[in-house]
Amino acid sequence: VQLVESGGGLVQAGGSLTLSCAASGFSFSSDDFAVAWFREAPGSERERVSIFSTKDGGMDYAESVKGRFTMTADNAKNTLILQMNSLEPEDTAVYYCAVVSPAAAARGSSWYLWDTWGHGTQVTVSA
């Protein structure tokens, strides 16, 4: 399994960015996995931003991003897209894509439950 993130960058507060997570080694269409976006700001613990179930397409978001961030799954490209709108300086972080079994994901949102990670992409939001 391999995950490759792209799309980070520098944006002013109130702006938008789109992140992509291209997955290989498993299929969104035929396999049962949980795929998530995490972020890690300097001095902070890695936190889960959103989560996607490949089995039923279910999605959930952290309270801090609900209404601003939206995920879309492109099954044909095996890619999970995170559209981030109304960005705030507090959204500045390295954003990671991760995948794990549904059973592990069900145990909680802590980052250490997830065993496969992408390299991350930097998102910087200026005030």
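Small disclaimer: the values here were computed from a predicted structure and weren't measured.
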A.B. asks: Tell me the disulfide bond (SG atoms under 2.5 Å apart) pairs involving residues 56-127, sequence neighbours left out?
C.D. replies: C21-C97
A.B. asks: Give a yes or no on whether the backbone of E90 and the side-chain of T92 come within a donor-acceptor separation of less than 3.5 Å.
C.D. replies: no
A.B. asks: Check for me whether the distance between the ring centres of F33 and F28 falls short of 6.0 Å.
C.D. replies: no
A.B. asks: Tell me which pairs pass disulfide bond (SG atoms under 2.5 Å apart) where either residue lies in residues 34-74, with sequence neighbours left out.
C.D. replies: none
A.B. asks: We want to know whether T124 and Q122 form a side-chain donor-acceptor pair, criterion being a heavy-atom distance below 3.5 angstrom.
C.D. replies: yes
A.B. asks: Using a 3.5 Å distance criterion without hydrogens, assess whether the side chain of Y61 forms a donor-acceptor pair with backbone atoms of M71.
C.D. replies: yes
A.B. asks: Got a donor-acceptor contact below 3.5 angstrom from the N78 side chain to the F26 backbone?
C.D. replies: yes
A.B. asks: What pairs with K66 under side-chain hydrogen bond (donor to acceptor under 3.5 Å, both in side chains), at least two apart in sequence or on another chain?
C.D. replies: E63
A.B. asks: According to the interplanar angle, ranging from 0 to 90°, do the rings of W117 and Y96 count as parallel (below 30°), tilted (30 to 60°) or perpendicular (above 60°)?
C.D. replies: perpendicular
A.B. asks: Could you list the donor-acceptor pairs under 3.5 angstrom formed between side-chain atoms of residues 12-19 and any protein atom two or more places apart in sequence or on another chain?
C.D. replies:
{"from": "S16", "atom 1": "OG", "to": "N85", "atom 2": "OD1", "distance (Å)": "2.9"}
{"from": "T18", "atom 1": "OG1", "to": "Q83", "atom 2": "OE1", "distance (Å)": "2.5"}

A.B. asks: Enumerate, atom names and distances included, each donor-acceptor pair closer than 3.5 Å involving a side-chain atom of residues 101-116, sequence neighbours excluded.
C.D. replies:
{"from": "S101", "atom 1": "OG", "to": "A104", "atom 2": "N", "distance (Å)": "3.2"}
{"from": "W111", "atom 1": "NE1", "to": "E45", "atom 2": "OE2", "distance (Å)": "3.2"}

A.B. asks: Show every salt bridge (Lys or Arg N to Asp or Glu O under 4.0 Å) that has at least one partner inside residues 35-44, sequence neighbours left out.
C.D. replies: R39-E47, R39-D91, E40-R46
